[in-house]
There are 2 protein chains.
Amino acid sequence: MQMKAFDAHDHDGCISAGIVAAERHCAEHALQLTPVRRRVLEILLSEHKALGAYDILEQLRADGLGSQPPVAYRALDFLVSHGFVHRIERLNAFVACSHGENAHTPAFLICRACKRVTEAETDPATSELARAAQRAGFVIERTVREAEGLCPGCAEVSRA
Amino acid sequence: MQMKAFDAHDHDGCISAGIVAAERHCAEHALQLTPVRRRVLEILLSEHKALGAYDILEQLRADGLGSQPPVAYRALDFLVSHGFVHRIERLNAFVACSHGENAHTPAFLICRACKRVTEAETDPATSELARAAQRAGFVIERTVREAEGLCPGCAEVSRA
DNA sequence: AAGCGATATGTTATAAAATTACATGAGGTA
DNA sequence: TACCTCATGTAATTTTATAACATATCGCTT
């Protein structure tokens, strides 16, 4: 299991791996990783933090790549719908996926102090949500699992 | 486990039980269940659906109980912070709690067709989120667990 | 090459959700 | 009374998201 966001690591690798994975997936599925989409993904890959659409838009603007909200939202829709980026409902914000390109059911740990977000792979079948749904006869199409709190580093600081 | 929202039931009982539980809790804890707060709780108890703050505000306005957004948001903040109401992050909306007054870690099943929301009690300790947090050394303060899909009734209709 | 459909982007305007800041009011209590 | 706390009233603004319509680009067909 990867849980890089809260640990020191070679972050340049995260960026290039994310871009490469997206490029490959797009090539294989006849999808267009256009300049705007690619740039939005890069922006999100540049830190393990969730960014709001307007934060991203600001950076796009600085790059001369689009200045109106729909530009950012459309790129984000594309990236989210193909699994390159996840939306964090709790924050109305977005993070780059950190699990290569395969479909998955992620859970997120959101540090309220340093704002980093880490993605944990979960087994949807064994979750409480799935069990509750089964008991109720409910057909799940999408789930949101997000925990807010303190990452190891920030928890330690706050105890000190 | 209660999972009333998707089943036929004596709904008047839900409303009065919700109000009574809130009244009692407020009396015991020296909290004020003011007319606006009480009315917002009633509005939310009147259906097992999530309502946006502005939907609620509209009803308050009709009742002459307040017409500006902060009125609704303040009442909702109060009700949420004392556990009488839950916020559904996925919908930016609110539902009345259906589990009496004790603190709990609910999960929600949201039907995208009929819009009803049901609350399932979960054991936070055994959840995927808790396991992931434990592995990472993350201290959870709050969790969001929401599943979107089709309730039993709407799933059947869509299969027909 | 001209025309066509599909996909992506540019731009204006607006909607929806939430908060800030400051004024007012209703109770208790010293 | 004077004061404090809690709750409400109100105006203005900020933040997040979408609708609607125009333009551009690319591949395909004829």
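Below, chain A is the first sequence line, B the second, and so on; all start at residue 1. All heavy atoms count here, side chains included; hydrogens, waters and symmetry mates do not. Predicted, not measured: the structure shown is a model, and the values here were computed from it.
Checking C:dA8, D:dC6, C:dA18 against the side-chain heavy atoms of A:Arg37 singles out C:dA8 as nearest. Which of C:dG10, D:dT16, C:dA17 sits closest to the side chain of B:Asn92 comes down to C:dA17. Residue B:Arg74 has its side chain nearest to D:dT8 when only D:dT8, D:dA17, C:dG10 are considered. Which of D:dT16, D:dA11, D:dA19 sits closest to the side chain of A:Pro70 comes down to D:dA19. In the set D:dA17, C:dT19, D:dT8, the nucleotide with an atom closest to the side chain of B:Pro69 is C:dT19.
Residue contacts shown for A:Arg87 are limited to sugar-phosphate atoms, with no base heavy atom under 4.0 Å away.
Residue-to-nucleotide proximity on DNA chain D shows that, of B:Ser67 and A:Ala53, the 5′-proximal contact is made by B:Ser67. Nearest-nucleotide mapping onto DNA chain D: of B:Gln32 and B:Gly66, the residue sitting toward the 5' end is B:Gln32. Both A:Tyr54 and A:Gly64 sit near DNA chain C, but only A:Gly64 has its closest nucleotide nearer the 5' end.
Of the N and O atoms on the side chains of A:Glu128 and B:Ser127, not one donor lies less than 3.5 Å from an acceptor on the other residue.
We find that CG of B:Asp77 is positioned 12 Å from P of D:dA7, with the value rounded to whole Å. The separation between A:Phe94 atom CZ and D:dT16 atom P is 10 Å, rounded to whole Å. The CD atom of B:Gln68 sits 13 Å away from the C1' atom of C:dA18 (whole-angstrom rounding). In this entry the distance linking OH of A:Tyr73 with P of C:dT14 reads 18 Å, nearest Å. Taking atom NE2 of B:His82 as the reference point, atom P of D:dC6 lies 12 Å away to the nearest angstrom. A straight line from CD of A:Glu89 to P of C:dA18 spans 12 Å, rounded to a whole angstrom. At whole-Å resolution of the value, CG in A:Leu91 and P in C:dA17 are 18 Å apart. Atom CD1 in A:Ile56 sits roughly 16 Å away from atom P in D:dT15 (whole-Å rounding).
Nearest heavy atoms, A:Arg39 versus A:Gln59: NH2-OE1, 4.2 Å.
Taking the six-membered ring for Trp, B:His86 and B:Phe108 have ring centres closer than 6.0 Å.
Classified by interplanar angle (parallel below 30°, tilted 30° to 60°, perpendicular above 60°), the ring pair B:His9/B:His48 is tilted. In this structure, A:Phe84 and A:Phe78 have tilted ring planes: the angle between them lies in the 30° to 60° band.
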